[in-house]
Number of protein chains: 2
Amino acid sequence: MSIKLAILGILSCQPSTGYDLKKIIEESTVMYWSGNNNQIYKSLVQLLEQGLVTHEVQHQESSPSKKIYTITDKGEAELKSWALTPPELPELKKSFLTQLAWADLLSPEELDNLLLAYENELNMQILLLQEKKRRGLFAPNRTTREIYLWERIDDNIVSSYRHELNWVREIRQELKRG
Amino acid sequence: MSIKLAILGILSCQPSTGYDLKKIIEESTVMYWSGNNNQIYKSLVQLLEQGLVTHEVQHQESSPSKKIYTITDKGEAELKSWALTPPELPELKKSFLTQLAWADLLSPEELDNLLLAYENELNMQILLLQEKKRRGLFAPNRTTREIYLWERIDDNIVSSYRHELNWVREIRQELKRG
DNA sequence: GGTGTCATGTAAACAGTTACATGATTTT
DNA sequence: AAAATCATGTAACTGTTTACATGACACC
């Protein structure tokens, strides 16, 4: 799945500039791209070429000109047909597991410190996600069903990290017991 | 984290050829790389240049020559120092969440089919992971602690997919209730 | 006077995938 | 006769990140 579809999705809720999209994607817990300029501005050019969006240049006195992008009918059709596409499995890339796989070289204290460090990272990540959710920069609420879905989507990520947290806590406890 | 460290880890258990490493990584549930040739053969050249591995060419009568790679002392030191490195957060890239975020265009039946398709994908993935585990192509068992860690590592991935499965099942049920 | 926001973009590099290429042997 | 296994490698492409570049205004 490409970032272009996420961009189309956002534009289906509101016309936006590249800069707006960057911020929305950066702040999103669900859209996992970093929100770097390179990808966004290039994607917008491509979407324009494909006729899935249009843009209107807005000159401003005391700031750089804006390009406000709007989704086209063709873009909305594309978004709809993508929604019916077979879902992809999540990509779970946990480099920590590979690290732990060869952590038997460590002393019991070093190993516990490693596990604790992971636990702390996860805790911080959960706080960060909750803070992002609290700020709630962007969320469409067109229907009650959409609101419900967005709540469950937000939960998903946080609860995945919580699950990981429980996993590491159990290991630490079991290792302490010996 | 780079695939080179995973390769070093495998070589710390047993000398292997590029082809062996490819199969081990492909069959691993934890080492998430696809195991494509390009990455593996390039990494081996780089590890050789860095002096972290050595290789011995073994000519064979009726098959192509093998290059058997062995970890060096420098390589083992590198592996050990990496084990002490601060852990990275898992990367959870769930394109399905982005898809679901704009799935309000769908009818109730279409939405349920989408969720069901995800559920089925997850179920198949879990079976595949369990099958991989059953085959158990590769697992070091040097100490009881290492055996324990490898069990927990294997569990991690499967249980993450199970967690995802529960999440989607709950949504389907709640949507049915309305 | 420095930092942050708004707003556009480019360059260079790295990571990772699919597909191609060769060639012998073994299995179906 | 076709496909899989062993074993090496390369080419082309996509995706993604970090950093660079510009320029005005606002806030502390």
Side-chain angles (χ1 to χ4, degrees), chain A residues 1-7 10 14-28 31-50 53 55-69 88-95 98 135 137-138, chain B residues 1-7 10 15-28 31-50 53 55-69 88-95 98 135 137:
Chain A
M1 188 223 147
S2 127
I3 194 174
K4 284 194 232 171
L5 290 159
I7 291 174
I10 298 168
Q14 49 177 250
S16 311
T17 65
Y19 188 74
D20 294 333
L21 292 167
K22 179 193 162 82
K23 278 188 305 176
I24 290 168
I25 291 171
E26 260 174 1
E27 278 294 291
S28 167
M31 292 177 280
Y32 48 80
W33 301 271
S34 72
N36 67 99
N37 295 354
N38 207 323
Q39 247 181 315
I40 289 169
Y41 288 110
K42 268 186 191 165
S43 298
L44 284 171
V45 169
Q46 286 166 20
L47 288 170
L48 207 58
E49 281 167 5
Q50 292 174 267
V53 302
H55 74 304
E56 188 199 343
V57 182
Q58 200 176 86
H59 294 283
Q60 296 172 119
E61 319 95 41
S62 62
S63 324
S65 311
K66 273 183 183 180
K67 287 183 184 169
I68 300 168
Y69 288 86
E88 288 169 35
L89 282 170
E91 275 175 58
L92 310 177
K93 297 194 175 178
K94 308 191 183 185
S95 75
T98 309
R135 275 201 297 273
L137 229 181
F138 176 81
Chain B
M1 187 224 146
S2 125
I3 194 174
K4 283 193 231 170
L5 291 159
I7 291 174
I10 298 168
S16 311
T17 65
Y19 188 75
D20 294 334
L21 292 167
K22 179 193 164 82
K23 278 187 304 175
I24 290 168
I25 291 171
E26 260 174 359
E27 278 294 291
S28 168
M31 293 177 279
Y32 48 79
W33 300 272
S34 73
N36 67 97
N37 294 355
N38 208 325
Q39 247 181 314
I40 289 170
Y41 288 109
K42 269 185 189 164
S43 298
L44 284 171
V45 170
Q46 286 165 21
L47 288 170
L48 207 58
E49 281 168 3
Q50 291 173 266
V53 301
H55 74 303
E56 188 198 343
V57 182
Q58 201 176 85
H59 294 284
Q60 297 172 118
E61 319 95 41
S62 64
S63 323
S65 313
K66 274 183 183 180
K67 287 183 185 170
I68 300 169
Y69 288 86
E88 289 169 35
L89 283 170
E91 276 175 58
L92 312 177
K93 297 194 175 177
K94 306 189 183 186
S95 75
T98 310
R135 276 200 296 273
L137 229 182

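The chains referred to below are lettered A, B, ... by the order of the sequence lines, with proteins before strands, and numbering in each begins at 1.
- Atom CD of B:Gln46 and atom C1' of C:dG16 are 13 Å apart (whole Å).
- Close to C:dG16, at under 4.0 Å from its OP1 or OP2, lies a side-chain N or O of B:Trp33.
- Rounding to whole angstrom units, CD of residue A:Gln39 and P of C:dA15 are separated by 16 Å.
- Protein atom NE2 of A:His59 is 16 Å distant from nucleotide atom C1' of D:dA24, rounded to whole Å.
- With respect to A:Ile40, the side-chain contact (heavy atoms from CB on, under 4.5 Å) criterion is satisfied by exactly one of A:Asn37, A:Asn38, A:Leu44, A:Asn36: A:Leu44.
- Closest of all the heavy-atom pairs between A:Met31 and A:Ala6 is SD-CB, 3.8 Å.
- Nearest heavy atoms, B:Met1 versus B:Glu88: N-OE2, 3.1 Å.
- The interatomic distance linking A:Glu88 (CD) with C:dT17 (P) rounds to 13 Å, in whole Å.
- Under the side chain to side chain contact (heavy atoms under 4.5 Å, CB included) criterion, A:Ser65 pairs with A:Val57, A:His59, sequence neighbours left out.
- Taking a cutoff of 4.0 Å between a charged side-chain nitrogen and a carboxylate oxygen, A:Lys23 and A:Glu27 do not qualify as a salt bridge.
- Here D:dT14 presents its C1' atom at 13 Å from CD of A:Glu91, a figure rounded to the nearest Å.
- What separates CD1 of B:Ile7 from P of C:dG16 is a distance of 11 Å, to the nearest Å.
- What separates CD1 of A:Ile3 from C1' of D:dT17 is a distance of 12 Å, to the nearest Å.
- A sub-4.0 Å separation between OP1 or OP2 of D:dT16 and a side-chain N or O of A:Ser34 is absent.
- One can place CE of B:Met31 at 14 Å from P of C:dG16, the figure rounded to the nearest angstrom.
- In this structure a side-chain-to-backbone donor-acceptor pair under 3.5 Å is missing from B:Gln39 to B:Ile3.
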Worksheet item: Quick one: what's the B/S/- string for nucleotides 4-11 of chain D, heavy-atom cutoff under 4.0 Å, read 5' to 3'?
Response: -SBBBBBB
